[in-house]
Structure formats: structure tokens, C-alpha cells
Amino acid sequence: WVNNPRINPAKLYSPVVKAVFANWKDSEIFLSFDTSMLWDEYCIIRVCIVHLGRAIPVGWRVLKHKSSSVKIATYQDLLNRISKLLPVTAKVILLADRGFANAELIRYVRQLGWHCRIRIKGNFWLHHPRRGWERVSQFPVAIGEAKLIHNVQIHKCNSLTDVHLAIAWESTSKEHWYIISTEPTNLQTFREYGFRFTIEENFLDDKSSGFNLEDSKLRSAPALSRLCLVLAMTTLFLTAQGVEVVISGQRRCVDPHWFRGASYLKIGWSWVKQALKKGWNLISAISFSTNVDPEPVKASR
């Protein structure tokens, strides 16, 4: 099945995504965008919708590629295809890490009618209206402080104007944060960028924390892409099942903790296992309409 060339994952999965998110009610949709390596030989480029603390795959591409760094030409068609699947009424915000910080991506995001929040490195060049050209790390910021800088220019050679910057020196980890945005930045910009980390949990669910994708014997990019289709469909179903379990007040049948600590995918997975043994009901339809969490997760002590 995974080696059948007649099975086109994008053609099969795209109408599913369009139907599942057709009733989206929120004014915004956050897309988390990243890559993951398999055996230092294959690169998965994936875009997910941020949903209730996790990420739902909406599109991907698998390449035989020995690096997680990829050029925009390899994923431009992927972003274009995804743009046609999302609700037209929602503002789309793409979240990406430092490996995707380039002017070409920001231009293309604007062309699609989207916005973005992209983390950049400290050696990134910016042109400030009053300060001229300098590296972002040269902007003075004290520990525990955040600065919001608007209407800057990036890249000396491939120049792009009217972008905005949020800088912070986080007091606990002592880490510096530099985030480029296509919209004027505020303190919420840091929170919004934080949604990007949900895709790392999604990759972890694919691997050691869930489906054990790395145990696959497949060594073919098309075959791995078809296997990613299976994992994406399973993620959709288990997440929707977990949400239904929580909304119906039955979470403690499979998660005995007083407060929710497991992801909706893990709750749905536990429910399905018990349903196969005890004849419990399973959902018959999948629809995601909001990112408002019915029972926000609480970390244990």
C-alpha cells in the first residue's frame, strides 16, 4: 500500500482537511511550520494547525535530504495548496523558527494574504529608521525587559520593508528572543510565537511518544509520505475522540488525574483502547471549530 504510486496523499487528505475545519469559528488560525529528520536521511516538511495545545497536520512533504534546512522552492507549493484548504473568514498566522527567517518567505506569506511570526538569530541584519543598519543583537535590552520596534527593514541585498520586531531577554532561562512579524508587535507576539512549539509535540507523537515512526523499515520518500497520511488521519481521529471524551465529562474513565495532564490525542488513544475491550461508543464524525480549550491542561508538580 505505501509503495502504490496511485495513492496520492495530498489528493486524498486535502478534502479531509477542508471538511474538518470548514466550521472554524475563531477569527484566527495559527499554522506551525517546521521540519523533522528521519535517520539523518529524510526530511519531513510539515505544516500544522495549532489546536488545543497540540498541532493537527494539514500538509507535508517528504524529501530525501540530509539536512533540516530547506529552500523556499521546496515548500512554496505546499503553502499554496494549504492556503486553499483553510476557512476564508479566518486570519492566518504562520509561525516558524530561525531556519525559515528569510525575506522570500515573508513576501510569499504576504502574497497569500497571511501574516507571520518568525524567530530570527541575533546576527540578523535590520535597518532602523533612526539607527541605520545593525544586527538585532545590538539593540539594547535589559534582562527581564521586552522591546517592540516597528517599521524596520531587513536584508541589505534582498531588502524587505514594513516589518516589525519584538525583542526580549527572558529572566528565567536568560535566553534572548527576537521575533519578526508582519503586523505591529506587542507583548502578545511572544505568546503567539509560543504556539509554534506545538508542532514539536506533533513530531514527538509521530516518533518516540506515540506511533514510533522511526521504527519503520521504509526507505523511500513517497512511501514515507503515504505513511504520514496514515498518521495524520489517525491524529485527526484520536484528537477529535479525546475532545469528545472531555466535553462529555468522561475523561476520568481513561485519565484518573484530577486535572487534565494528557493531550487530547493521548486521551482519545486511551479511550479507543478501552472501547475495543468494553464496547464503548466512538465518534462517527470529525469537526474542529475552535482553539478555545474546554479543559486547559495543568502541569503536575
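Residue numbers count from 1 along this sequence.
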Separation between CH2 (Trp177) and CD1 (Ile167), nearest 0.5 Å, reads 14.0 Å

If the plane angle is over 60° it's perpendicular, under 30° parallel, otherwise tilted; pick one for His51 and Phe288.
tilted

Are the side chain of Asn186 and the backbone of Gln188 linked by a donor-acceptor contact shorter than 3.5 Å?
yes

Has the side chain of Ser83 got a donor or acceptor atom that lies under 3.5 Å from a matching backbone atom of Asn80?
yes

Would you confirm whether Arg107, through its side chain, and Asn102, through its main-chain N or O, come within 3.5 Å as a donor-acceptor pair?
no

Is the closest side-chain heavy-atom distance between Val70 and Cys43 below 4.5 Å?
yes

So, does Trp269 use its side chain to make a donor-acceptor pair with the main chain of Leu238 at under 3.5 Å?
no

Would you indicate whether Asn281, at its atom CG, is surrounded by more than 12 heavy atoms from other residues, nucleotides or ligands within a distance under 6.0 Å?
no

Residue pair His115 / Thr182, side-chain donor-acceptor N/O under 3.5 Å:
yes

If only atom types and distance count, is the side chain of Tyr178 paired as donor or acceptor with the main-chain N or O of Phe124 below 3.5 Å?
no

Taking the basic N atoms (NZ, or NE/NH1/NH2) and the acidic carboxylate oxygens, is any pair closer than 4.0 Å for Arg46 and Asp206?
yes

Does Lys11 offer a backbone N or O that forms a donor-acceptor pair with the side chain of Ser14 under 3.5 Å?
no

Criterion salt bridge (charged side-chain N to carboxylate O under 4.0 Å, His left out) against Glu201, the qualifying member of Lys266, Lys207, Arg54:
Arg54

Can a donor-acceptor pair be found, under 3.5 Å and without considering hydrogens, that links the side chain of Arg226 to the backbone of Val2?
yes

Distance only, no hydrogens: is a donor on one side chain within 3.5 Å (strictly under) of an acceptor on the other, for Asn8 and Tyr13?
no

Rounded distance (nearest 0.5 Å) linking atom CG of Leu38 with atom CG of Leu63:
11.5 Å

Is any NZ, NE, NH1 or NH2 atom of the basic residue among Arg260 and Asp255 found under 4.0 Å from an Asp or Glu carboxylate oxygen of the other?
no

If we check ring-ring contact (aromatic ring centres under 6.0 Å, His included) with Phe30, which of these qualifies: Tyr193, Trp114, Phe195, Phe197?
Phe195

Around atom CE of Met233, are there more than 12 heavy atoms from other residues, nucleotides or ligands closer than 6.0 Å?
no

Taking the side chain from Trp280 and the backbone from Val272, do they hold a donor-acceptor pair closer than 3.5 Å?
no

Could you tell me the separation between the CZ atom of Arg98 and the CG atom of Asn123, rounded to the nearest 0.5 Å?
10.0 Å

Donor-acceptor pair, distance only, cut-off 3.5 Å: does the side chain of Thr185 make one with the backbone of His164?
no

Just checking, any donor-acceptor pair under 3.5 angstrom between side chains of Thr172 and Glu170?
yes

Give, for atom CG of Leu218 and atom CG of Leu227, the distance between the pair rounded to the nearest 0.5 Å.
6.0 Å

Would you call the rings of His176 and Trp169 parallel, tilted or perpendicular, where under 30° means parallel and over 60° means perpendicular?
parallel

Gln241 side chain to Ile283 backbone, donor-acceptor under 3.5 Å
yes

Which residues satisfy the salt bridge (charged side-chain N to carboxylate O under 4.0 Å, His left out) test with Glu192, sequence neighbours excluded?
Arg117

Under 6.0 Å from the NE2 atom of His150, do we count more than 12 heavy atoms belonging to anything else shown?
yes

Count the heavy atoms of every other residue, nucleotide or ligand shown that sit under 6.0 Å from CH2 of Trp258, and state whether that count exceeds 12.
no

